[in-house]
Amino acid sequence: MAVSYNHKEVEKKWRKKWEEHPVNVEDGTKEKYYCLDMFPYPSGNGLHVGHWRGYVISDVWSRYKLMQGYYLIHPMGWDAFGLPAENYAIKMGTHPAKSTAQNIANIKRQINEIAALYDWDREVNTTDPDYYKWTQWIFVKMFQEGLAYEKEMPINWCPSCKTGLANEEVVNGCCDRCGSEVTKKNLRQWMLKITKYADRLLEDLDKLDWPEKVKKMQTEWIGKSYGAEVDFQVEGMDKAITVYTTRPDTLHGATFMVLAPEHKLAAELATDETRTAVEDYIMKSSMRSNVDRMQDKEKTGVFTGSYAINPLNGAKVPIWLSDYVLADYGTGAIMCVPAHDDRDFEFAKKFQIPIIQVIAKDGKEIENMTEAYTEASGTMINSGEWNGMESAVLKKEAPVMIEKMGIGKKTTNYKLRDWVFSRQRYWGEPIPIVHCDKCGAVAVPEEQLPVLLPDVESYQPTGTGESPLADIAEWVNTTCPCCGGPAKRETNTMPQWAGSSWYFLRYVDNKNKEQLVSREKADKYLPVDMYIGGVEHAVLHLLYSRFYTKFLYDIGVVDFDEPFTKLFNQGMITGKNGIKMSKSKGNVVSPDDLVRDYGCDSLRLYELFVGPPELDSEWDDRGIDGVYRFLNRFWNLVTDSIEANVAVTKEMVKLRHKMIYDITTRLEAFSLNTVISGFMEYNNKLIDLAKKTGGIDGETIQVMIRLIAPFAPHMAEELWEKAGNTNSVFDKENGWPEYDEALMADDEVEVAVQINGRTKAVITVAKDIAKEEAIAKGKEALGDKLTGNVIKEIYVPGRIINIVAK
RNA sequence: GCGGAUGUGGCGGAACUGGCAGACGCGCUAGACUUAGGAUCUAGUGUCCCCGACGUGCAGGUUCGAUUCCUGUCAUCCGCACCA
């Protein structure tokens, strides 16, 4: 009788062996495969079973690639700058450098429990000066290329985190980090001109093997639209207002115009009668937050008293102000066609503005219109020379026509905004800029990088819009690199995303003192072949990284312009009832106890077995017993069979090839939960077969071990050794098992026999039986169950016989 | 409001291009072995009015045949949210 599997001993043994003899070595003959995890920020809470899942998925995939003969780049590091780390330190009354180091040590310990093949020689830490030197270097390059610029403007401000935020960091008007309502604050900011890359970021999505969901989110975030700018003269003023519209086909239907309250002409348009109301409205709007505005059930607005002239037909249209028009999109002014736009319709109804239909739906005007007709489908009416044209055609042609008429121009617009890049916090990379009265903003010369973050006692955010660094006179006061005169350092720091936008490049050359990454290594090991992580970074990290990569491509640092060829988003592991695991909810499951009780291999398998890797799964501790039992049965079957040493049978060969086929195709399809159930299924079949034959033959044993190796690496190594091998199961020469379709084919197949689509019997027939013969046998099996007249007989080879009878 | 995903036993979930719904596992029931069992093994386990019928959120449709395709609808989750 076999001794049951002792996970503690075996896992300890192989951890040590792997440390002494790494299994992932570059020998100069292998092709590279770069499998990347989204690196964690070292939270004080440590890892829970949800974090584990992503790492297990990537490690299984990595080990599979390793066995296929690739040299793996499978690194790990720390995204350690940023708000969460700083807030945690403040809460604990410690310095972020200290708490971060502690948290990294703890999480590293936990990550090692996963037994993932991380190459710790490649480790990076975004807070390491040798690392952030290059984060700053990229900024300097961007500054030199005119992509980083200073601007004073109203930005999103989190009153709780006391810092400015990028648009991407504001979710439903609230801070992505802490959930506080975001307000506006006028601040001098460093901005990155990501908008210059909008088209490339949009178009290159096509070349990526990414989940459609993420591509779509980025597409919508970039938000490109096509239309025209049209100039409306203001009556009685020597001024024109330019509007942006995607529906120039409806220009004849414009019965009013609305300007954002922040529009520069807004106040000027007021007449003596309307001045009080207009100024009042502008002031009130300026005080309202985004959240406030979004909660509006009804549109608000005020008539300026002025009129504009529709350049196409000379119609006089009133100019209104309303906060449903956004100041920072398009031109901050719109022409309003209430008949064909929902918002304009609502506004016109409320303020009793005429509605003119210019598209005939189904050939005629809509009577008693109750909602706008927004589709560009139908014939133009009430549109002068455009009458009779198809709206859909006109929509495309109108911009050019308008341009020819000299009343506007064809144009495009984006929702994407430039990236607000400064943070008024301590724990981040100092922006490497010096302000000089004579020379203005000057980049710190490359040889003086990094600009070290000063080590200080007090680093709490000020809340004034000044960075805490501004208080450190000896750090702030410096000399201008340009003229040598007195100058002051930039005191804002970079957002957390700065360090994470390029870390995957540094892994392949993390000790390079001269360059961010050597071109040779970049060409050899990059880009990333497979990137695995949660979907939460769809428009943050993943967009920023693409932007950085494109920039570095443009300046010749790397020779590719997309960083991540393939992306996989794993689902979240939640607590009971789909509630997100969090300390405050008290539903966090730590992997530590489970590893101790069931072993790393069991937890690895269970993390995959809980459900499809791309979907969220509820965690239930009890299920781990199932995979634990399976591993024990697997162990017993293999060890018993090694002892029994039986000869191979034909049936066994067939089962072996079927097993290789099933496991491999499921693995290739990333259906990891069904890989595990497949192992269980085949194990049961093999146990049954072994009962008849006395055991499993040697070749099948070796295949079983190799197949399970990426999933349960410790057990696989131990069994591999027990089976008489002297090398590691992950050794290139073992390879991944291959199947032969000819050998897995059955001679006989089971076929269901149905009457009118309902199964009445099951028969076994030869695989290549003729239709007539199959049907005859089916009828025979049915016997007197078959009554009535046979109308039709269907035979689907190897699957089903259906007799249609009445 | 718009867009997307999901919906299958007591539970997690399987089911390839339409072809035996419920694989695999948890849980549960019974038995075996045991001083013992939260160990292990064996058998069973969708529902019901159980020789039959009904069953994949709901209502229709296409088909010899639908978890799978089509139309409508409901629920949950996620993303976007006055972007003209």
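Letters A, B, ... are given to chains in the order of the sequence lines, protein chains preceding strands, and every chain is numbered from 1. Please read all numbers here as calculations on a predicted model, not as lab measurements. Scope of the values below: all heavy atoms of this structure, side chains included, with no hydrogens, waters or symmetry mates.
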Checking N1-N3 plus N6-O4 or O6-N4 for Watson-Crick, or N1-O2 and O6-N3 for wobble, each under 3.5 Å, the partner of A39(B) is none
So which atom in Asp344(A) and which in Cys336(A) form the shortest heavy-atom distance, rounded to 0.1 Å?
OD2-CA, 3.2 Å
Please check the phosphate of A81(B) (OP1 and OP2 only) for any side-chain N or O of Asn172(A) closer than 4.0 Å.
no
Applying a 3.5 Å limit to both distances, which nucleotide forms a Watson-Crick or G-U wobble pair with G10(B)?
C26(B)
Any side-chain donor near an acceptor of the partner, Glu168(A) and Trp419(A), under 3.5 Å:
no
Interatomic distance, Phe609(A) CZ vs A23(B) C1' [rounded to whole Å]:
10 Å
C16(B) phosphate, OP1 or OP2, under 4.0 Å from Arg799(A) side-chain N/O:
no
Hydrogens and angles aside, do Thr411(A) and Tyr226(A) bring a side-chain donor and acceptor to less than 3.5 Å of each other?
no
Within less than 4.0 Å of OP1 or OP2 of A84(B), is there a side-chain N or O belonging to Ser225(A)?
yes
Quick check: any donor-acceptor pair below 3.5 Å linking the side-chain of Glu793(A) to the base of C64(B)?
no
Counting just side-chain N and O atoms, does Arg758(A) come under 4.0 Å of either OP1 or OP2 of G65(B)?
no
Rounded distance in Å - CD (Glu298(A)) to P (C82(B)):
17 Å
Provide the distance between the two P atoms, one in C77(B) and one in U71(B), to the nearest whole Å.
26 Å
Separation of A15(B) P from Asp662(A) CG (nearest whole Å):
11 Å
In whole Å, I'd like the distance from the CD1 atom of Ile800(A) to the C1' atom of G18(B).
10 Å
Of Val751(A) and Gly611(A), whose closest RNA chain B nucleotide lies nearer the 5' terminus?
Gly611(A)
Distance, rounded to the nearest Å, where Asp341(A) contributes CG and G1(B) contributes P
18 Å
Taking the same atom, C1', in G27(B) and in U76(B), what whole-Å distance lies between them?
25 Å
Any side-chain N or O of Tyr329(A) below 4.0 angstrom from OP1/OP2 of A84(B)?
yes
Expressed as a whole number of Å, how far does the P atom of C78(B) sit from that of G9(B)?
23 Å
Using the P atom in both, what is the distance from C80(B) to C54(B), to the nearest Å?
47 Å
Which whole number of Å gives the distance between the C1' atom of C16(B) and that of C11(B)?
27 Å
Taking the C1' atom in each of G3(B) and C58(B), what is the distance between them to the nearest angstrom?
23 Å
Atom P, compared across G65(B) and G55(B): separation rounded to whole Å
15 Å
Could you give the distance separating G37(B) and U45(B) at their C1' atoms, to the nearest angstrom?
23 Å
Both Gly332(A) and Ala752(A) contact RNA chain B. Taking the nearest nucleotide for each, which residue is further toward the 5' end?
Ala752(A)
Would you say the side-chain atoms of Asn413(A) and Tyr329(A) include a donor-acceptor pair closer than 3.5 Å?
no
Please confirm whether the shortest side-chain N or O distance from Arg622(A) to OP1 or OP2 of G25(B) is below 4.0 Å.
no
Ile755(A) CD1 - G65(B) P separation (whole Å):
14 Å
Rounded to the Å, how far apart are Glu168(A) CD and G79(B) P?
15 Å
When every non-hydrogen atom of Trp619(A) is compared with those of Leu603(A), the smallest separation belongs to CH2-CD1, 3.8 Å
Minimum heavy-atom distance Gly330(A)-Tyr244(A), with the two atoms named:
CA-CB, 4.2 Å
So what does Arg633(A) touch, heavy atoms closer than 4.0 Å: a base, only the sugar-phosphate, or nothing?
sugar-phosphate
